[in-house]
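Here the structure comes first, spelled out in structure tokens, and everything after it is commentary.
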Amino acid sequence: MATYLTPALAWRRLREGNERFVSGTSSHPNQDASRRSSLVENQHPFAVIFGCSDSRLAAEIIFDLGLGDAFVVRTAGHVLDDAVLGSLEYSVSVLGVPLIVVLGHDRCGAVTATKTAVETGQMPVGFMRSLVERITPAVLTSRRNNQDSINEMVVENVKQASRHLVDSSRVITAAVEGGQASVIGLAYSLADGRADLVSSIGEL
């Protein structure tokens, strides 16, 4: 069954789930056999969460969600590429998801590696170099703004990724401009489990 939630209501539902997780009162919804059976033919997630691959950032757990609730895409440092953009476009245009979440977190290893590369001039080897190259603009912007901590750079990376995915995708731009979807950026604290809003594009 479709959710038909507005972006604002979808964000409220995520926020309430995160509050339950933070307080230790998670309800673990939509995780039983009947829910599994109901999703065999179709899915109607109410949010797409594009987050970092970090093992401590499991989207369904930190927002107290279950099967069919969220369409989840993850890369190290939530770095955008064509496959990610295609996945996000699919969630919006085919699944009708009203809320796109870009989820970063403190102490991010990908952002830390990028900060080190910028400071030392030493790039990592292999395809990790591509990650660092894509995060570098956020690190440089933070440094220009005298924001030198990893966590400040994480927030800047979330903001830039949010803006970049809207700028890069006509499908997402049209959905945001038409009021069907919004894009929010969240920064997650590993210590207390809270996901705080740091940016938003579209109606909330």
Side-chain angles (χ1 to χ4, degrees), residues 7 10 14 43 45-60 62-63 65 69-118 121-143 150-177 180-188 195 197-202:
L14 276 186
Q43 59 171 320
F46 71 89
V48 53
I49 301 172
F50 171 42
C52 181
S53 300
D54 193 292
S55 63
R56 299 163 291 183
L57 202 67
E60 288 90 348
I62 69 174
F63 294 111
L65 304 174
D69 289 333
F71 193 80
V72 180
V73 184
R74 299 173 71 179
T75 63
H78 54 81
V79 165
L80 281 165
D81 60 18
D82 289 351
V84 170
L85 285 167
S87 299
L88 296 178
E89 287 186 346
Y90 175 82
S91 71
V92 170
S93 63
V94 178
L95 300 178
V97 171
L99 187 68
I100 299 173
V101 179
V102 179
L103 178 64
H105 66 97
D106 56 359
R107 304 172 189 267
C108 179
V111 174
T112 301
T114 304
K115 180 176 187 281
T116 299
V118 168
Q122 301 237 287
M123 292 294 282
V125 298
F127 286 98
M128 288 184 291
R129 181 184 184 117
S130 177
L131 295 174
V132 164
E133 287 173 346
R134 290 167 191 257
I135 298 171
T136 293
V139 169
L140 293 176
T141 299
S142 293
R143 283 162 59 97
I150 292 296
N151 297 347
E152 288 171 321
M153 291 173 178
V154 165
V155 169
E156 182 61 33
N157 192 37
V158 168
K159 291 177 179 177
Q160 289 198 13
S162 300
R163 172 49 60 191
H164 184 54
L165 71 87
V166 173
D167 290 344
S168 300
S169 168
R170 292 182 185 177
V171 170
I172 294 172
T173 297
V176 170
E177 290 178 349
Q180 292 97 28
S182 294
V183 179
I184 63 172
L186 302 179
Y188 177 81
L197 186 71
V198 295
S199 68
S200 64
I201 303 169

Provide the closest heavy-atom pair for [X] versus [Y] in the form atom of the first, atom of the second, distance.
X: Leu95; Y: Pro45; answer: CD1-CG, 3.9 Å
X: Leu65; Y: Ala59; answer: CD1-O, 4.5 Å
X: Ser93; Y: Val171; answer: CB-CG1, 3.9 Å
X: Gly202; Y: Val176; answer: CA-CG1, 3.8 Å
X: Leu14; Y: Ala47; answer: CD1-CB, 4.3 Å
X: Phe50; Y: Val79; answer: CZ-O, 3.5 Å

Would you compute the distance between atom [atom1] of [X] and atom [atom2] of [Y] and round it to the nearest 0.5 angstrom?
X: Leu57; Y: Leu103; atom1: CG; atom2: CG; value: 4.0 Å
X: Cys108; Y: His78; atom1: SG; atom2: NE2; value: 6.5 Å
X: Ser87; Y: Asp82; atom1: OG; atom2: CG; value: 10.5 Å
X: Arg143; Y: Thr136; atom1: CZ; atom2: OG1; value: 10.5 Å
X: Lys159; Y: Ser142; atom1: NZ; atom2: OG; value: 9.0 Å
X: Thr116; Y: Ile150; atom1: OG1; atom2: CD1; value: 6.5 Å

Val118 vs Val132, test: side-chain contact (heavy atoms from CB on, under 4.5 Å). Steps then yes/no. CA-CA 9 Å; Val118 168; Val132 164; over 6 Å; no
Under a 4.5 Å cut-off applied to non-hydrogen side-chain atoms, are Asp106 and Val154 in contact?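 They are not in contact (no side-chain heavy atoms under 4.5 Å apart), so the answer is no.
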Would you say the side chain of Ile49 lies within less than 4.5 Å of the side chain of Phe63, judging by non-hydrogen atoms?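 A side-chain contact under 4.5 Å exists here.
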Can a donor-acceptor pair be found, under 3.5 Å and without considering hydrogens, that links the side chain of [X] to the backbone of [Y]?
X: Ser168; Y: Leu165; answer: no
X: Arg74; Y: Asp54; answer: yes
X: Asn151; Y: Arg107; answer: yes
X: Thr173; Y: Val166; answer: yes
X: Asn157; Y: Gly77; answer: yes

Full working for side-chain contact (heavy atoms from CB on, under 4.5 Å) between Val92 and Gln180: CA-CA 9 Å; Val92 170; Gln180 292 97 28; over 6 Å; no
Would you sort out whether Leu88 and Val84 count as a side-chain contact (heavy atoms from CB on, under 4.5 Å), showing the intermediate values? CA-CA 6 Å; Leu88 296 178; Val84 170; 4.0 Å; yes
Evaluate side-chain contact (heavy atoms from CB on, under 4.5 Å) for Leu186 paired with Leu197, printing each intermediate quantity in order. CA-CA 5 Å; Leu186 302 179; Leu197 186 71; 3.9 Å; yes
Ring-plane angle category for Phe71 and Tyr90, please: parallel below 30°, perpendicular beyond 60°, tilted otherwise.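 Because their plane-to-plane angle lies in the 30° to 60° range, the rings of Phe71 and Tyr90 count as tilted.
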Would you say Glu89 and Ser169 are linked by a side-chain donor-acceptor pair, where the criterion is simply a distance under 3.5 Å?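 Distance-only check passes for Ser169 and Glu89.
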Taking side chain to side chain donor-acceptor pair (under 3.5 Å) as the test, write out the residues that go with Glu133, two or more places apart.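 Side chain to side chain donor-acceptor pair (under 3.5 Å) list for Glu133, sorted by chain: Arg129.
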